[in-house]
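Beneath this line is the structure, given in structure tokens, with notes to follow.
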Amino acid sequence: MTQVRKGQAPARLERGEFHLRFQHNFADPRFDAVRDELGKVEDIAWQNYQDGRKAPTTRKAGPGFADPDYELAAEWLVASEKLKAAERRQKDPASPSRVLIVCGAARNDGTCPGEMSKTFRMAQWLETAVAAEGMQADLLDLSHIVSGYDHHIHPCKGCVSTAMPLCHWPCSCYPNHSLNQVNDWMNEIYEKWVSAHAVIIATPVYWYQAPSPLKLMIDRLVCADGGNPDPTSTHGKHADEAKALEEKGWDYPKHLAGRAFGLVVHGDVAGAESLRRNLADWLTWMGLVDAGVQSALDRYVGYYEPYFNSHETLDRETAFQEEVRNVGRAVANAVRELRAGRLSQPDAKLRNPRPK
């Protein structure tokens with residue numbers, strides 16, 4: 001058995017430091033009238049932190065799990081049941097075709113920038129193109145995490161690097177109530193991905209890379225590629241049990257495989273082509289199907305031009321606007337072909353000698 005390495009985690013907070021962090025949430029003088037009540041809430045939060053009370057509400061896993069008597073977080077069980085229901089709907093030949101359109105920009109006019117992103121406009125063109133093909137377009141605007149109240153995509157904690165079975169599908173790292181790691185958006189996002197027959201990601205380039213909200217979502221989707229749908233098999237987050245499971249052999253199930261994908265990546269100086277390639281490689285790795293040459297686009301809007309009038313520059317880029325719409329049309333065509341059984345991955349039945 002391999003060794004579970006320890007020694008990195010920081011020391012637990014002392015009571016005084018916990019008090020400062022807790023009260024920082026209520027620095028507004030308007031809370032002064034209820035300081036005594038907040039003190040009582042703080043005492044409970046401190047006790048929960050001390051006890052590591054990650055999941056305050058649990059219930060037995062029940063039939064179908066490796067250990068049906070194991071107490072799982074009620075929130076995780078609800079999320080898992082929703083994904084199973086979404087998968088059944090997605091596989092139902094009578095269900096409407098759905099295309100998830102992801103707007104990856106962090107900018108919107110409801111927060112500091114005070115103006116919508118160009119990417120959002122592209123997402124709207126994609127919505128229109130998909131709807132015109134008779135399909136349901138679902139928009140996921142990731143900028144909501146910067147303009148919504150206490151709305152988060154918490155970071156991936158890297159469970160997969162300890163052992164793949166420790167990475168649960170859907171992610172069980174959140175919520176962690178003892179650490180106030182709550183209001184995580186990903187369970188809703190997982191359901192959107194599972195429900196979709198295709199996904200189109202529209203994104204700008206931020207410093208040669210994906211914007212932070214998009215990268216957060218990407219990292220948290222690691223559980224869709226090889227993740228363990230049964231946390232009772234590792235009795236929660238027991239690293240030694242997960243290592244033993246992977247050592248015996250793990251099949252790395254691809255929970256999103258078979259969906260089509262498209263990409264619209266835009267920049268103003270550099271990085272659009274490399275980011276488009278990175279995203280295409282990632283989606284292909286997860287088993288999604290390339291919808292064709294015109295479904296993956298990288299372009300520059302206002303190359304080396306100022307920022308202040310970039311929306312006006314986009315207004316003039318009529319050829320680019322049509323290219324974006326073609327991404328939507330190409331993906332819709334791929335969905336039709338996939339659902340009719342006329343399009344498949346040529347290597348789908350080949351056994352991967354090195355799955356991961």
Open item on the list: Assess the residue pair Trp285 and Asp225 against the criterion (side chain to side chain donor-acceptor pair (under 3.5 Å)); give the C-alpha distance rounded to whole Å, side-chain angles, the decisive distance to 0.1 Å, and a yes or no.
Closed with: CA-CA 8 Å; Trp285 180 281; Asp225 192 68; 3.1 Å; yes

In terms of relative ring orientation, are [X] and [Y] parallel, tilted or perpendicular, with 30° and 60° separating the classes?
| X | Y | result |
| --- | --- | --- |
| Trp125 | Phe320 | perpendicular |
| Phe18 | Phe22 | parallel |
| His235 | Tyr70 | perpendicular |

Let me check something: do [X] and [Y] share a hydrophobic cluster, defined by ILVMFWY side-chain heavy atoms less than 4.5 Å apart, either directly or through other members?
| X | Y | value |
| --- | --- | --- |
| Val34 | Trp46 | yes |
| Val222 | Leu288 | no |
| Leu166 | Trp169 | no |
| Leu338 | Phe261 | no |
| Leu283 | Val194 | yes |

- [ ] Identify which one of Ile200, Thr119, Leu140 satisfies the side chain to side chain contact (heavy atoms under 4.5 Å, CB included) criterion when paired with Val102.
- [x]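 Of the listed residues Ile200, Thr119, Leu140, the side chain to side chain contact (heavy atoms under 4.5 Å, CB included) partner of Val102 is Leu140.
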
Answer yes or no: is there an ion pair linking [X] with [Y], defined by an N-O contact shorter than 4.0 Å?
| X | Y | value |
| --- | --- | --- |
| Arg220 | Asp184 | yes |
| Glu81 | Arg59 | yes |
| Glu322 | Arg325 | yes |
| Arg15 | Glu42 | yes |
| Asp36 | Lys40 | no |
| Lys118 | Asp268 | no |
| Lys91 | Glu87 | yes |

Within a strict 4.5 Å, meaning less than it, do heavy atoms of the [X] and [Y] side chains meet?
| X | Y | answer |
| --- | --- | --- |
| Pro231 | Trp76 | yes |
| Leu20 | Glu17 | yes |
| Val199 | Trp193 | yes |
| Ile201 | Trp282 | yes |
| Asn108 | Met116 | no |
| Glu305 | Ser310 | no |
| Leu256 | Leu221 | yes |
| Trp250 | Asn228 | yes |

Task: From Arg277, His266, Arg276, residue fulfilling side chain to side chain donor-acceptor pair (under 3.5 Å) relative to Asp298 - done: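 Only one option passes, and that is Arg276.
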
Open item on the list: Could you walk me through whether Arg121 and Asp315 satisfy the salt bridge (charged side-chain N to carboxylate O under 4.0 Å, His left out) test, starting with their C-alpha distance in whole Å, then the side-chain angles of each, then the deciding distance to 0.1 Å, before giving a yes or no?
Closed with: CA-CA 10 Å; Arg121 294 177 60 190; Asp315 289 340; 2.5 Å; yes

Task: Chi angles and distances behind the ring-ring contact (aromatic ring centres under 6.0 Å, His included) call for Trp185, His151 - done: CA-CA 7 Å; Trp185 196 9; His151 192 48; 4.4 Å; yes

Could you tell me whether a side-chain N or O of [X] sits under 3.5 Å from a main-chain N or O of [Y], the two making a donor and an acceptor?
| X | Y | answer |
| --- | --- | --- |
| Gln321 | Leu314 | yes |
| Ser172 | His168 | no |
| Thr284 | Asp281 | no |
| Arg259 | Ala196 | yes |
| Thr313 | Asn309 | yes |
| His197 | Arg98 | yes |
| Tyr190 | Lys82 | no |
| Asp230 | Ala66 | yes |

TODO: Show the numbers, then the answer: is there a side chain to side chain contact (heavy atoms under 4.5 Å, CB included) between Tyr300 and Val269?
DONE: CA-CA 7 Å; Tyr300 293 101; Val269 174; 5.8 Å; no

Open item on the list: Working note: Val160 + Lys356, criterion side chain to side chain contact (heavy atoms under 4.5 Å, CB included); need CA distance, chi angles, decisive distance, verdict.
Closed with: CA-CA 10 Å; Val160 62; Lys356 191 174 182 179; over 6 Å; no

- [ ] Could you walk me through whether Thr232 and Asp67 pass the side chain to side chain donor-acceptor pair (under 3.5 Å) test, one step at a time?
- [x] CA-CA 5 Å; Thr232 72; Asp67 184 352; over 6 Å; no

TODO: Determine, stepwise, if the pair Glu133 / Arg336 fulfils salt bridge (charged side-chain N to carboxylate O under 4.0 Å, His left out).
DONE: CA-CA 10 Å; Glu133 295 292 323; Arg336 271 192 291 270; 2.7 Å; yes

- [ ] Go through the steps to decide whether Leu350 and Asp347 satisfy the test side chain to side chain contact (heavy atoms under 4.5 Å, CB included), and finish with yes or no.
- [x] CA-CA 5 Å; Leu350 298 180; Asp347 61 348; 3.8 Å; yes

Open item on the list: Walk me through whether Asp92 and Gln90 qualify under side chain to side chain donor-acceptor pair (under 3.5 Å).
Closed with: CA-CA 6 Å; Asp92 182 356; Gln90 198 265 359; over 6 Å; no

Is there a donor in the side chain of [X] and an acceptor in the side chain of [Y], or the other way round, less than 3.5 Å apart?
| X | Y | value |
| --- | --- | --- |
| Ser97 | Arg339 | yes |
| Asp138 | Gln136 | yes |
| His19 | Glu14 | no |

- [ ] Kindly determine whether Asp51 and Gln47 satisfy side chain to side chain donor-acceptor pair (under 3.5 Å), including the steps that lead there.
- [x] CA-CA 6 Å; Asp51 296 342; Gln47 190 60 55; 3.1 Å; yes

Task: Within 6.0 Å of NZ in Lys215, more than 12 heavy atoms from elsewhere - done: no

Open item on the list: Tell me whether Lys60 forms a cation-pi arrangement with Phe65, defined as NZ or CZ under 6.0 Å from the six-membered ring centre and within 45 degrees of its axis.
Closed with: no

TODO: Would you sort out whether Lys243 and Thr162 count as a side chain to side chain contact (heavy atoms under 4.5 Å, CB included), showing the intermediate values?
DONE: CA-CA 7 Å; Lys243 285 177 180 288; Thr162 290; 4.0 Å; yes

